[in-house]
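What's counted below: heavy atoms across the whole structure, side chains too, no hydrogens, waters or symmetry copies. The shown structure was predicted, so the numbers you read here are calculated from the model rather than taken from an experiment.
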Amino acid sequence: MNTKILIFWGLALLFLSACGGRKQQDVSSAELIQAAENFDYDTVAVTPGDTLCSSEVDDVLRHYPEFYHATKNAKKRYEAWAQQEKTVNAKAKPELMDINVILDKTLHGKMTVTSDSVWTALSAIDSLYLQRIGKVPDNAPDLDARKSEIGRARKAWQLYMEQLHRLSAAVPEGCRERFLRIVADQTDKYLTTLQK
């Protein structure tokens, strides 16, 4: 019995020390580029003037092909969702979830995010979409069309969040935690605007 307690406390202590010992590494974009060059990663060839995000973000993305392509897919999902969201909610602020903003903060911003957990607001936002569908008046002349538009916006949101999750796996390890916290922070801010 005492052995089980000692093993339990030993594992608990090991887990807590591992969690507490982790420090956020703020890796600069120059360090990311240098690391990619040291490992001799292939860079993504693009034509002059062809930018995916900003030129500063693109400099890093081009050194990490998997990160670049995941970002390209996330950008497409973001644009589809933002357009659909604006059609169903004129007050929406999808620019808070813009992948360009998220990556710029991840690669060039300071660690000033407030969220402790990653993406806790996702279920609340999904619930708000369902509430919107339920609030469409039954006597509305375009009832089915309105509900379908909201449903399409909800689906586009889900696809964008899935792509951000995939993108998180492609973000270089030195700034992955910052990326996740920034996504969480921006999602919380977006949820706040939806609840007003």
Side-chain angles (χ1 to χ4, degrees), residues 18-46 49-83 85-86 92-126 156-194:
C19 290
R22 288 179 58 199
K23 290 187 177 181
Q24 173 64 33
Q25 296 177 345
D26 277 346
V27 178
S28 72
S29 58
E31 290 171 321
L32 289 171
I33 291 170
Q34 184 63 42
E37 289 174 351
N38 287 344
F39 287 112
D40 201 26
Y41 290 166
D42 289 336
T43 57
V44 176
V46 293
D50 181 23
T51 56
L52 186 58
C53 296
S54 67
S55 59
E56 296 85 14
V57 171
D58 279 12
D59 285 344
V60 174
L61 292 176
R62 290 184 183 136
H63 284 81
Y64 294 86
E66 185 179 347
F67 189 20
Y68 179 88
H69 293 294
T71 299
K72 194 173 188 177
N73 290 334
K75 186 171 176 118
K76 287 178 190 174
R77 293 291 187 194
Y78 166 76
E79 290 170 353
W81 166 70
Q83 181 180 2
E85 183 61 23
K86 283 292 190 179
K93 297 186 186 244
E95 59 273 6
L96 287 172
M97 295 301 300
D98 189 339
I99 189 64
N100 296 332
V101 171
I102 292 169
L103 288 180
D104 191 51
K105 286 182 176 186
T106 299
L107 298 174
H108 301 104
K110 300 292 181 202
M111 193 63 191
T112 57
V113 295
T114 57
S115 297
D116 288 336
S117 57
V118 179
W119 305 350
T120 56
L122 294 182
S123 60
I125 292 172
D126 192 56
W157 166 259
Q158 291 170 339
L159 291 172
Y160 180 47
M161 290 301 103
E162 286 174 16
Q163 188 56 44
L164 282 182
H165 182 68
R166 285 188 202 106
L167 176 59
S168 69
V171 173
E173 190 174 335
C175 55
R176 186 172 298 144
E177 185 177 337
R178 186 173 23 180
F179 172 81
L180 293 171
R181 289 188 178 271
I182 288 168
V183 169
D185 192 58
Q186 294 300 110
T187 305
D188 287 343
K189 288 176 184 174
Y190 185 67
L191 175 61
T192 301
T193 65
L194 290 178

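- Here the closest heavy-atom approach between residue Met97 and residue Trp81 is recorded as CB-CZ3, 3.9 Å.
- Taking all atoms of both residues into account, the shortest heavy-atom contact from Thr187 to Leu122 is CG2-CD2, 4.0 Å.
- A donor-acceptor pair under 3.5 Å is absent between the side-chain atoms of Lys93 and the main chain of Tyr190, judged by distance alone.
- Between Phe179 and Leu107 the shortest side-chain heavy-atom distance does not fall below 4.5 Å.
- Nearest heavy atoms, Leu61 versus Tyr68: O-CB, 3.4 Å.
- Across Cys175 and Thr106, no two heavy atoms sit closer than the pair O-CG2, 3.7 Å.
- A side-chain donor-acceptor contact under 3.5 Å links Tyr78 to the backbone of Pro94.
- Judged by distance alone, with hydrogens and angles left aside, the side-chain atoms of Arg176 form a donor-acceptor pair with the main-chain N or O of Ser168 at under 3.5 Å.
- Between Leu167 atom CG and Met161 atom CE the span is 10.5 Å, to the nearest 0.5 Å.
- Taking both residues in full, the closest heavy atoms of Leu191 and Ala121 are given as CD2-CB, 3.6 Å, listed atom of the first, atom of the second, then distance.
- The CD atom of Gln186 sits 10.5 Å away from the CD1 atom of Ile99 when rounded to the nearest 0.5 Å.
- Residue-environment remark: CD (Glu162) exceeds the threshold of 12 foreign heavy atoms within 6.0 Å.
- In this structure, the separation between CD on Gln163 and OG1 on Thr71 is 8.5 Å, given to the nearest 0.5 Å.
- We find that Arg181 and Asp185 are not joined by a salt bridge, their nearest charged nitrogen and carboxylate oxygen being 4.0 Å or further apart.
- In this structure, the side chains of Leu96 and Val101 stay at 4.5 Å or more apart for every pair of heavy atoms.
- Side-chain contact between Leu103 and Lys75: absent, with no pair of heavy atoms (C-beta onward) separated by less than 4.5 Å.
- Closest non-hydrogen pair, Ala170 versus Phe67, comes out as O-CB, 3.5 Å.
- With sequence neighbours excluded, no residue satisfies side-chain hydrogen bond (donor to acceptor under 3.5 Å, both in side chains) with Trp157.
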